[in-house]
Amino acid sequence: MMYDTLIIGSGPAGLTAAIYASRAGLQYAVIEREPMGTGQIAYTERVDNYPGFYGIDGFSLGEKLREHAETLGTAFLEHEVTGLKSVQNGWQILTAAGDVLESRTVICASGASPKRLEISGESEWTGRGVSYCALCDGAFFTGKRVAVIGGGNTALSDALYLAKLAEKVYLIHRRDVFRADHALIEQAAHTDNIELVLQAIPVEIQGTDSVTALIVSRNGNKHLIPADGVFVAVGSVPNTAYVREIAELDSIGYIIAPESGETSAKGLFAAGDIRTKQVRQVVTATADGANAIASVQAYIQKAAAV
Ligand code: NAP
């Protein structure tokens with residue numbers, strides 16, 4: 001079967017693209033690596049900046065988006081995409097299981113994954129005290145001491161969430177200015193069991209049977225932060241491996257694409273956290289999904305007219 005568009009990823013960008021594709025009467029489907037996905041939003045405790053849904057938890061917001069796409073008849077295909085191949089009239093999508101899907105256009109909406117620190121002890125203790133998901137693993141540290149690393153919205157949100165469970169939260173940031181939203185910084189500053197450790201560069205995670213400490217460097221001197229758990233929240237890396245040889249990427253690996261989602265490859269579009277943009281939020285991801293479908297429609301109409 002030749003689709004009009006195949007959407008890779010079932011986060012807010014991909015699900016919104018599905019909603020708009022359905023309304024546009026396109027032959028389309030969403031490809032997802034794991035069943036019932038809704039992307040990274042599922043791991044956010046509370047979302048205060050998606051218009052109309054103040055205070056909603058990220059999991060519920062993701063479910064609402066997915067239900068909307070399902071109500072409009074979206075088909076979800078479970079595949080891990082490993083590569084794309086340009087063919088006459090469109091694209092072949094290659095999967096880990098060896099399947100080949102065909103579509104006139106492709107929308108890359110496969111988002112990003114947590115970035116690693118790449119410090120000593122990180123790999124060794126991952127899953128045994130080192131975590132990249134406060135919402136998933138926070139409960140294991142109830143009444144304990146944890147360190148959260150990072151200065152962005154994820155680190156601040158994670159610290160606030162963990163402060164409700166843990167006895168003590170050390171928020172470790174490498175600079176003395178946070179890049180997180182003002183409201184989150186204020187909240188953290190007024191939370192008694194959050195201690196800010198600024199201008200501190202993580203250098204090592206130590207443990208015996210489980211994690212016992214994070215070592216940071218401040219002004220060239222090493223300091224030990226006692227911690228039973230270390231939550232790494234230092235940003236994300238785009239999931240663009242399958243498209244690396246196909247579309248132009250920036251130095252970090254994001255697909256270079258304007259608001260229209262058009263990439264350097266014909267008939268290939270990018271939407272959501274995966275593309276170069278200033279603000280990575282649910283609201284911009286959903287907007288990207290809508291714009292990508294408008295671009296797909298224009299592309300298909302133009303191709304038909306030739
Ligand atoms: P981010 O904004 O890129 O912040 C990453 C943080 O990690 C920065 O403070 C950075 O420090 C620090 N960092 C990076 N590499 C490091 C290293 N090797 N060692 C120590 N620290 C390091 O990432 P994010 O917080 O995951 O947010 C990603 C996007 O999602 C943002 O656009 C954010 O606004 C959005 N988001 C929004 C919400 C919300 O609105 N509720 C929640 C979560 C995420 P520097 O500041 O020094 O560079």
Side-chain angles (χ1 to χ4, degrees), residues 11-13 38-62 109-123 126 130-136 138 147-162 170-188 194 196-205 214-218 222-223 225 227 230-239 250-254 271-288:
T38 58
Q40 292 186 98
I41 190 63
Y43 308 110
T44 300
E45 190 205 12
R46 182 182 160 108
V47 180
D48 278 349
N49 51 10
Y50 190 70
F53 290 90
Y54 178 78
I56 192 169
D57 67 280
F59 184 84
S60 299
L61 181 57
S110 42
S113 300
K115 185 175 134 189
R116 299 171 68 85
L117 280 168
E118 310 294 352
I119 60 170
S120 174
E122 184 181 19
S123 296
T126 292
V130 173
S131 169
Y132 300 82
C133 180
L135 206 57
C136 319
V148 175
I149 302 169
N153 280 328
T154 303
L156 271 288
S157 303
D158 285 358
L160 288 165
Y161 172 68
L162 290 165
Y170 295 98
L171 179 55
I172 317 289
H173 181 36
R174 64 183 176 184
R175 292 188 295 139
D176 58 357
V177 179
F178 288 104
R179 65 171 66 223
D181 293 349
H182 177 74
L184 292 173
I185 300 167
E186 280 294 296
Q187 241 182 301
I194 295 181
L196 307 184
V197 183
L198 303 178
Q199 293 181 296
I201 297 165
V203 290
E204 187 185 351
I205 295 163
L214 170 73
I215 309 296
V216 298
S217 170
R218 296 179 89 182
K222 287 193 178 170
H223 294 267
I225 311 284
V230 174
F231 288 84
V232 181
V234 295
S236 41
V237 282
N239 296 319
D250 74 1
S251 59
I252 305 169
Y254 290 103
D273 280 9
I274 201 168
R275 81 168 176 93
T276 47
K277 55 158 72 176
Q278 197 177 3
V279 179
R280 291 196 171 82
Q281 298 269 299
V282 183
V283 73
T284 61
T286 54
D288 280 5

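Whatever order the structure lists ligands and atoms in, that order sets their numbers, starting from 1.
- The shortest heavy-atom contact between Val148 and Ala159 is CG2-CA, 4.1 Å.
- Heavy-atom distances between Thr44 and ligand 1 stay at or above 4.0 Å for every pair.
- Across all their heavy atoms, Leu156 and Leu184 have their closest contact at CD1-O, 3.8 Å.
- The environment of Phe59 atom CZ is sparse: at most 12 non-hydrogen atoms of other residues, nucleotides or ligands sit within 6.0 angstrom.
- When all heavy atoms of Val234 and Leu117 are compared, the closest pair comes out as CG1-CD2, 3.9 Å.
- Remark: ligand 1 and Thr154 share an N or O pair separated by less than 3.5 Å (distance only, no angle test).
- At a 3.5 angstrom cut-off on N or O pairs, Gly150 does not count as close to ligand 1.
- Checking only distances, Asn153 does come within under 3.5 Å of ligand 1, N or O to N or O.
- Comparing Gln40, Arg175, Glu118 against atom 47 (O) of ligand 1, the shortest heavy-atom distance belongs to Arg175.
- For Gln40 against Ala112, the heavy-atom pair with the smallest separation is CD-O, 3.3 Å.
- Atom 10 (C) of ligand 1 has as its closest protein heavy atom Arg174 NH2, 3.8 Å.
- Of all protein heavy atoms, the one closest to atom 37 (C) of ligand 1 is Gln281 NE2, 3.0 Å.
- Taking all heavy atoms of Leu117, Asp48, Ile201 into account, the minimum distance to atom 19 (N) of ligand 1 is reached by Leu117.
- Considering backbone and side-chain atoms alike, Arg280 places an N or O below 3.5 Å from some N or O of ligand 1.
- For the side chain to side chain contact (heavy atoms under 4.5 Å, CB included) with Ile201, the lone residue among Arg175, Arg174, Arg218 that qualifies is Arg174.
- Regarding atom 23 (O) of ligand 1, its nearest protein heavy-atom neighbour is Gly235 CA, 3.3 Å.
- From the protein, the heavy atom lying nearest to atom 9 (O) of ligand 1 is Gly151 N, 2.9 Å.
- Other residues, nucleotides and ligands place no more than 12 heavy atoms under 6.0 Å from the OH atom of Tyr43.
- Remark: the backbone N or O of Ala183 is not paired with any side-chain donor or acceptor of Asp181 at under 3.5 angstrom.
- Note: an N/O pair closer than 3.5 Å links Arg179 and ligand 1 by distance alone.
- Contact annotation: the side chain of Arg46 never approaches that of Tyr161 to less than 4.5 Å [non-hydrogen atoms, C-beta and beyond].
- By heavy-atom distance, the residue among Asn49, Val283, Val234 lying nearest atom 41 (N) of ligand 1 is Asn49.
- The atoms of ligand 1 that sit less than 4.0 Å from any heavy atom of His173 are 9 (O), 11 (O), 45 (P), 46 (O), 47 (O).
- Note on ligand 1: Lys115 sits in its first shell, one or more heavy atoms being nearer than 4.0 Å.
- Of all non-hydrogen atoms in Leu214 and Ala147, the two that sit nearest each other are CD2-CB, 4.1 Å.
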